[in-house]
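Heads up: the structure comes next, in structure tokens.
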Amino acid sequence: MEIRKVENYSEMSQTASTIIINTIKHKKSPVLGLATGSTPEGLYQELIHQYNNHVFSFKDVTTFNLDEYVGLGKGNPQSYHYYMKEKLFKHLDINMENVNIPNGTVQHLEKECENYEKSIKEAGYIDVQVLGLGLNGHIGFNEPGTPFSSSTHVVELDDTTRKANARFFTSMDEVPQKAITMGLTTIMHSKKILLLVSGENKAEPLARLINGNISEDFPASMLKKHPNVTIIADKSAFVALNSK
Ligand SMILES: N[C@@H]1[C@@H](O)[C@H](O)[C@@H](COP(=O)(O)O)O[C@@H]1O
């Protein structure tokens, strides 16, 4: 894993956007894997900014999001569909037919997972996958204990995750119990992975990722087995590590 220590959130976002824009410029039909949460918001703002400066176009880009809550429709402001539209897609020239986010409102969730996995495979897998880091080491919504061999599946969310995400809802009761997430093996098929980490609250999981063992108890540790991972983390996320 390549580790890039940057000054702050803004530098983390800019560094990630440079890598993504280079991929978009140099690949004919780039496939991006996108994340939600607070961490990538700055990256999305930076991409919009560069797009407005005519640096690149999103018209040939295909995207796959990592996850979506079960039971939240596209129009629900807490859904990841809504988040992605508001924070990125509506500002760009992306063809919405090339945007893929799991649908958590269908009756047959297992079928939705199978179809999602199939679409990623048919797209030739992901060129650059953006990831955030959950407090318990989750990536996407792959909670501790998820087999490394998992493909897109339905998950029961951990209380830690529901509590951490409750800030986006009016109360903890409103946070869905389940979600659909890309699996760990799906993520590992990505050609390049960018893990973004910012803030002191991520210092412990980051230290565990860097110094700890590879174990299904800590899903992000799987990334150590991938040949092309770049961790972009800001100074505050490094406080639990004795690095210079
Ligand atoms: N499902 C999302 C993940 O995709 C995200 O990367 C992570 C970290 O979120 P944040 O960036 O808000 O800390 O937790 C959420 O539960």
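Remember, it's 1-based here, ligands and their atoms both numbered in the order they're listed. Worth knowing before you read on, the calculation uses all heavy atoms, side chains too, and leaves out hydrogens, waters and symmetry mates. Computed from a predicted model, the values in this text were never measured in an experiment.
- Regarding atom 1 (N) of ligand 1, its nearest protein heavy-atom neighbour is Asp67 OD2, 2.9 Å.
- Atoms of ligand 1 found under 4.0 Å from any heavy atom of Tyr80 (numbered from 1 in listed order, with element): 1 (N), 2 (C).
- The distance from ligand 1 to the heavy atoms of Phe141 drops below 4.0 Å at these ligand atoms: 1 (N), 16 (O).
- A perpendicular orientation is assigned to the rings of Tyr80 and Tyr83, their planes being inclined by more than 60° (bins at 30° and 60°).
- Ligand 1 lies within reach of Arg167, whose nearest heavy atom is under 4.0 Å from it.
- Annotation: atom 5 (C) of ligand 1 to nearest protein heavy atom, Thr36 O, 4.0 Å.
- Counted within 6.0 Å of NZ on Lys191, heavy atoms from surrounding residues, nucleotides or ligands total more than 12; the atom is thus considered enclosed.
- Polar contact check, Thr161 against ligand 1: no nitrogen or oxygen pair lies under 3.5 Å apart.
- In terms of protein heavy atoms, atom 9 (O) of ligand 1 is closest to Gly37 CA, 4.1 Å.
- Counting heavy atoms only, Gly140 comes closest to atom 3 (C) of ligand 1 of the residues Gly134, Ala35, Gly140.
- Counting the atoms of ligand 1 from 1 in the order shown, those under 4.0 Å from a heavy atom of Asn165 are 15 (C), 16 (O).
- Residue Lys118 places its NZ atom among 12 or fewer non-hydrogen atoms of other residues, nucleotides or ligands, all under 6.0 Å distant.
- The distance from the CD1 atom of Ile126 to the NZ atom of Lys192 is 14.5 Å, given to the nearest 0.5 Å.
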Fill in: Residue pair Phe168, Tyr69: steps toward the ring-ring contact (aromatic ring centres under 6.0 Å, His included) verdict
CA-CA 13 Å; Phe168 299 110; Tyr69 290 111; 8.9 Å; no

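- Residue-environment remark: NZ (Lys85) stays at or below the threshold of 12 foreign heavy atoms within 6.0 Å.
- Looking only at protein heavy atoms, the nearest one to atom 13 (O) of ligand 1 is Lys202 NZ, 2.6 Å.
- Atom 8 (C) of ligand 1 has as its closest protein heavy atom Leu133 O, 3.8 Å.
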Self-check item: Worked verdict on Tyr116 versus Phe64 for ring-ring contact (aromatic ring centres under 6.0 Å, His included)
Solution: CA-CA 9 Å; Tyr116 200 70; Phe64 286 92; 5.8 Å; yes

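- Residues Glu46 and Gln50 have side chains that bring a donor and an acceptor to within less than 3.5 angstrom of each other.
- What sits closest to atom 11 (O) of ligand 1 on the protein, heavy atoms only, is Thr39 OG1, 2.4 Å.
- Of all protein heavy atoms, the one lying nearest to atom 6 (O) of ligand 1 is Gly132 CA, 3.3 Å.
- Using a 3.5 Å distance cut-off with no hydrogens or angles, the side chains of Lys74 and Ser79 do not pair a donor with an acceptor.
- In this structure, the protein non-hydrogen atom closest to atom 7 (C) of ligand 1 is His138 NE2, 3.6 Å.
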